[in-house]
Peer 1: 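Pasting a structure below so you can have a look.
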Amino acid sequence: MKSTNQERAFVKNAGRIVIKIGSSSLLHSNGKINIKKIESICDTLSNIQNKNKEIALVSSGAVAIGASRQGFKIRPEGLEMKQALAAIGQTDLMNLYEKFFNKHNKLIAQLLLTQEDIIDRQKKEHAINVLSELFERKVIPIINENDTISIKQIEFGDNDTLSALIAKLSRADLLIILTDVDGLYDKNPQQNADAKLIRQVEKITPEIETLANGKGNEFSSGGMKTKIEAAKICASSNISMVLASGKDLKIVEDILNGEEIGTAFKFN
């Protein structure tokens, strides 16, 4: 159903958009890569870019794909193992993105970042300049944390935070986070049948933060808490954000058409 709420017009007017896809949106329930969903997001983003929108994709999945290739049933916790699996999975992930974006004659670029790349002034400026150049050349940046070399002191810990920082660095108009839930609820929908989806948030209050409990599935690293932290980063730069389900990745076009989907965080 299309929204009659004029406040969603800010989504339709977004020119530069960062989209973050979590591992749960790219995998089957058994943890194996869902190739059809990779193809779907490539088709969708190619069509959006054809409408003169600037797109950056922050994609999780490298560790999960590596874990699947190595026969793990749950996400491993050991640092060295995580780094090895990231190295295995990142290659597969980028090969799939390249294959399906090539169908639409779209150029992509891979950026692997650590927190140090954002904190260090010189490296931060370099990242900003690279993103700007890629947008100018109509190349779609595909961004992930550099899990292969990250250690606790320099890791983001989750791609929700990374996606918000990328939105901030690139001066994006909108961040879309796709995850395994429909948005932010007023209570845990898995435990409360009467839970209601919150359609719009204009300020991150203590009450909103208390709703962010729990972790994602066994192959994800975040949960609702990291989504709220991402919203706070966006709020600091007046960047709007939409949190929605990644069950059907074509939903991105519906969101950008102004449909009242998921939870909109509107700060400007």
Peer 1: Is it possible for you to say whether I208 and L243 belong to one hydrophobic cluster, with membership spreading through side-chain heavy-atom contacts below 4.5 Å?
Peer 2: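 Both belong to a single hydrophobic cluster.
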Peer 1: To the nearest 0.5 Å, how far apart are OG1 in T205 and CD1 in I228?
Peer 2: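 It comes to 9.0 Å.
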Peer 1: Partners of K36 by side chain to side chain contact (heavy atoms under 4.5 Å, CB included), sequence neighbours excluded?
Peer 2: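 With neighbours one apart ignored, the set is N34, E39.
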Peer 1: Return the set of residues passing side chain to side chain contact (heavy atoms under 4.5 Å, CB included) with S46 (not counting sequence neighbours), or none when no residue passes.
Peer 2: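 Testing S46 for side chain to side chain contact (heavy atoms under 4.5 Å, CB included), a comparison that skips the adjacent residues, returns F101, H104, K106.
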Peer 1: Are I204 and I198 grouped together when hydrophobic residues (ILVMFWY) are joined by side-chain heavy atoms under 4.5 angstrom apart?
Peer 2: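 I204 and I198: one cluster.
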Peer 1: Can you tell if the side chain of I143 reaches within under 4.5 Å of the side chain of N159, non-hydrogen atoms only?
Peer 2: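 SC-SC contact between I143 and N159 ruled out.
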Peer 1: Do I166 and L111 share a hydrophobic cluster, counting only Ile, Leu, Val, Met, Phe, Trp and Tyr and linking them when any side-chain heavy atoms are less than 4.5 Å apart?
Peer 2: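 Yes, I166 connects to L111 through the hydrophobic network.
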Peer 1: Quick one: does any side-chain atom of S237 pair with a main-chain N or O of C234 as donor and acceptor, under 3.5 Å?
Peer 2: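 No; judged by distance alone, with no hydrogens or angles, the pair does not exist.
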Peer 1: Residues in side-chain hydrogen bond (donor to acceptor under 3.5 Å, both in side chains) with R199, at least two apart?
Peer 2: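 R199: no side-chain hydrogen bond (donor to acceptor under 3.5 Å, both in side chains) contacts found.
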Peer 1: Going by atom types alone, do T114 and N146 pair a side-chain donor with an acceptor below 3.5 Å?
Peer 2: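 Not at all, the side chains of T114 and N146 share no donor-acceptor pair under 3.5 Å.
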Peer 1: CD1/I255 to CD/E260 distance, rounded to the nearest 0.5 angstrom?
Peer 2: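 Here the interatomic distance stands at 12.0 Å.
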Peer 1: How long is the straight-line distance from CG of D180 back to CG of L178, given to the nearest 0.5 Å?
Peer 2: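 With rounding to 0.5 Å, CG (L178) is 11.0 Å from CG (D180).
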Peer 1: Quick one: side chain to side chain contact (heavy atoms under 4.5 Å, CB included) partners of S59, sequence neighbours excluded?
Peer 2: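 S59: side chain to side chain contact (heavy atoms under 4.5 Å, CB included) contacts with L26, L57, L93, Y97, I142.
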Peer 1: Any donor and acceptor pair, going by atom type alone, linking the side chain of N102 with main-chain N or O of N105 inside 3.5 Å?
Peer 2: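 No: the side chain of N102 does not pair with the backbone of N105.
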Peer 1: Decide yes or no for I38 and F100: does some side-chain heavy atom of the first lie under 4.5 Å from some side-chain heavy atom of the second?
Peer 2: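 Yes. Closest side-chain heavy atoms under 4.5 Å.
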Peer 1: I need the minimum non-hydrogen distance between I261 and A244, along with the two atoms involved.
Peer 2: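 Heavy atoms of I261 and A244 come nearest at CG2-CB, 4.1 Å.
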Peer 1: Which residues satisfy the side-chain hydrogen bond (donor to acceptor under 3.5 Å, both in side chains) test with E98, sequence neighbours excluded?
Peer 2: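 Applying side-chain hydrogen bond (donor to acceptor under 3.5 Å, both in side chains) to E98 gives none.
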Peer 1: Does K124 have any salt bridge (Lys or Arg N to Asp or Glu O under 4.0 Å) partners at least two apart in sequence or in another chain, and if so, which?
Peer 2: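 If we apply the salt bridge (Lys or Arg N to Asp or Glu O under 4.0 Å) test to K124, skipping adjacent residues, there are no hits.
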Peer 1: When you compare the side chain of K103 with that of D43, does any pair of heavy atoms fall below 4.5 Å?
Peer 2: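 Yes, side chains in contact.
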Peer 1: How about K203: does its NZ atom have over 12 heavy atoms from other parts shown lying under 6.0 Å from it?
Peer 2: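 Result for NZ/K203: open.
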Peer 1: Throw together a table of side-chain donor-acceptor distances under 3.5 angstrom for residues 10-22, partners on residues two or more places apart or in other chains.
Peer 2:
{"unit_1": "N13", "atom_1": "ND2", "unit_2": "A9", "atom_2": "O", "d": "3.3"}
{"unit_1": "R16", "atom_1": "NE", "unit_2": "E54", "atom_2": "OE1", "d": "2.7"}
{"unit_1": "R16", "atom_1": "NH1", "unit_2": "S170", "atom_2": "O", "d": "2.7"}
{"unit_1": "R16", "atom_1": "NH2", "unit_2": "E54", "atom_2": "OE1", "d": "2.9"}
{"unit_1": "K20", "atom_1": "NZ", "unit_2": "D160", "atom_2": "OD1", "d": "2.9"}

Peer 1: Test your reading of the model: is there a side-chain donor-acceptor pair from S24 to the backbone of T179, 3.5 Å cut-off?
Peer 2: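 No, the answer is negative, given that no donor and acceptor are paired below the 3.5 Å cut-off.
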Peer 1: Mind checking side chain to side chain contact (heavy atoms under 4.5 Å, CB included) for T44 and listing every partner two or more places apart, or none if nothing turns up?
Peer 2: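 So T44 forms a side chain to side chain contact (heavy atoms under 4.5 Å, CB included) with S40, I48, K250, V252, E253.
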Peer 1: For the residue pair V242 and I177, establish whether any side-chain heavy-atom pair is separated by less than 4.5 Å.
Peer 2: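 Side chain of V242 against side chain of I177, heavy atoms only: no contact under 4.5 Å found.
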Peer 1: Is the backbone of A64 close enough, under 3.5 Å, to the side chain of S68 for a donor and an acceptor to pair up by distance?
Peer 2: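 Here the side-chain-to-backbone pair does not exist.
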Peer 1: How long is the gap from CD1 on I65 to CD1 on I33, to the nearest 0.5 Å?
Peer 2: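 I65 atom CD1 to I33 atom CD1 measures 3.5 Å (nearest 0.5 Å).
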Peer 1: Starting at NZ of K247, measure out to NZ of K37 and round the result to the nearest 0.5 Å.
Peer 2: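 K247 NZ to K37 NZ: 8.5 Å, rounded to 0.5 Å.
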Peer 1: Taking everything shown except K99 itself, do over 12 heavy atoms lie less than 6.0 Å from its NZ?
Peer 2: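 No, because the 6.0 Å sphere around NZ of K99 holds 12 heavy atoms or fewer from other groups.
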Peer 1: Hey, does T263 have a side-chain heavy atom less than 4.5 Å from the side chain of Q200?
Peer 2: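 A side-chain contact is absent here, since even the closest heavy-atom pair is not under 4.5 Å.
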Peer 1: Might you confirm whether atom CE of M81 has over 12 heavy atoms from other residues, nucleotides or ligands at distances under 6.0 Å?
Peer 2: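 Open.
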Peer 1: Which distance, rounded to the nearest 0.5 Å, do you find between the OG of S25 and the CG of D248?
Peer 2: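 If we round to the nearest 0.5 Å, S25:OG and D248:CG are 10.5 Å apart.
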Peer 1: Within a strict 4.5 Å, meaning less than it, do heavy atoms of the I108 and M94 side chains meet?
Peer 2: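 Result yes, sub-4.5 Å side-chain heavy-atom pair found.
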Peer 1: Under a 3.5 Å distance rule, please check whether E145 uses its side chain to pair with a backbone N or O of L113 as donor and acceptor.
Peer 2: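 Absent.
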Peer 1: Among Ile, Leu, Val, Met, Phe, Trp and Tyr joined by side-chain contacts under 4.5 Å, find the other residues sharing a cluster with I119 and list them by chain and number.
Peer 2: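 So far as hydrophobic clustering goes, I119 is joined with none.
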Peer 1: Indicate every side-chain donor-acceptor pair of residues 127-136 with a distance under 3.5 Å to a residue at least two apart or in another chain.
Peer 2:
{"unit_1": "N129", "atom_1": "ND2", "unit_2": "E125", "atom_2": "O", "d": "3.2"}
{"unit_1": "E133", "atom_1": "OE2", "unit_2": "R137", "atom_2": "NE", "d": "2.8"}
{"unit_1": "E133", "atom_1": "OE2", "unit_2": "R137", "atom_2": "NH2", "d": "3.4"}

Peer 1: Does a donor on one side chain and an acceptor on the other come within less than 3.5 Å for Q90 and Q110?
Peer 2: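 Yes, side-chain donor-acceptor contact under 3.5 Å.
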Peer 1: Under a 4.0 Å N-O cut-off, is there an ion pair linking R8 with E259?
Peer 2: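 Here R8 does not pair with E259 in a salt bridge, since their nearest N and O are not under 4.0 Å apart.
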Peer 1: Can you sort out the partners of Q191 under side-chain hydrogen bond (donor to acceptor under 3.5 Å, both in side chains), two or more places apart, ordered by chain and number?
Peer 2: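 Listed in chain order: nothing, the list is empty.
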Peer 1: Got a sec, which residues hit side-chain hydrogen bond (donor to acceptor under 3.5 Å, both in side chains) with K187, two or more places apart in sequence or on another chain?
Peer 2: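 Residues passing side-chain hydrogen bond (donor to acceptor under 3.5 Å, both in side chains) with K187: D194.
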Peer 1: In a check of salt bridge (Lys or Arg N to Asp or Glu O under 4.0 Å) between E209 and each of K227, K225, K232, which one passes?
Peer 2: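 Running salt bridge (Lys or Arg N to Asp or Glu O under 4.0 Å) over K227, K225, K232 with E209 returns exactly one hit, K232.
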Peer 1: Hey, are the side chains of K32 and L27 touching, using non-hydrogen atoms and a 4.5 Å cut-off?
Peer 2: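 No, their side chains stay 4.5 Å or more apart.
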Peer 1: How about NZ on K196, more than 12 heavy atoms from neighbouring residues, nucleotides or ligands closer than 6.0 Å, or not?
Peer 2: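 12 or below, so no.
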